[in-house]
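Worksheet for the structure shown next.
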Amino acid sequence: MLLRKHEGLFLVFWVVRVREFRIKMELTQERLAEKLCLSMRNYQKLERGVHKPSAIMIILFLYLLSDQEIISFTRSFGQMVEKAHSQEVA
């Protein structure tokens with residue numbers, strides 16, 4: 001149950017991070033869709049947050065990141081969860 005609570009938070013996090021990465025790497029939506037083994041339409045839905053990324057999609061995305069970017073990605077989300085949790089407790 002606790003994990004489900006953070007799914008919405010992850011979706012917001014994902015949308016921001018995947019778009020930031022695509023722009024930073026100067027990739028078109030079409031090119032990143034190819035790298036993630038997705039159709040253009042499905043990628044666009046992921047980037048807009050219409051669809052949730054699957055575990056496989058997240059792994060494929062992390063594969064595109066440097067080791068330092070992976071650490072930053074996971075720490076940033078962990079910090080968001082901690083902040084949300086501390087606000088609930090307060």
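Residues take their numbers from the sequence shown, with the count starting at 1.
- Every residue meeting the ring pair (Phe, Tyr, Trp, His ring centres under 6.0 Å) condition with Phe77, not counting sequence neighbours, appears here in chain and number order: Phe10, Phe13.
- In terms of the side chain to side chain contact (heavy atoms under 4.5 Å, CB included) criterion, Gln79 has no residue partners (sequence neighbours excluded).
- Lys52 is linked by a salt bridge (charged side-chain N to carboxylate O under 4.0 Å, His left out) to Glu7, counting only residues two or more places apart in sequence or in another chain.
- Checked against side chain to side chain donor-acceptor pair (under 3.5 Å), Ser76 has the following partners two or more places apart in sequence or in another chain: Arg17.
- Heavy atoms from other residues, nucleotides or ligands lying under 6.0 Å from CD1 of Ile56 number 12 at most.
- Applying the side chain to side chain contact (heavy atoms under 4.5 Å, CB included) criterion to Ile59, with sequence neighbours excluded, gives no partner residue.
- The side chain to side chain contact (heavy atoms under 4.5 Å, CB included) test applied to Gln44 returns Gln29, Met40, Arg48, not counting sequence neighbours.
- Residue pairs meeting the ring-ring contact (aromatic ring centres under 6.0 Å, His included) criterion with at least one member in residues 18-48, sequence neighbours excluded: Phe21-Phe61.
- Considering only residues two or more places apart in sequence or on other chains, Glu30 meets the salt bridge (charged side-chain N to carboxylate O under 4.0 Å, His left out) condition with none of them.
- The side chain to side chain donor-acceptor pair (under 3.5 Å) check on Ser72 picks up nothing, with sequence neighbours excluded.
- For Ser66, the side chain to side chain donor-acceptor pair (under 3.5 Å) partners at least two apart in sequence or on another chain are Glu69.
- Applying the side chain to side chain contact (heavy atoms under 4.5 Å, CB included) rule to Lys83 yields the partners Gln87; only residues at least two apart in sequence or on another chain are considered.
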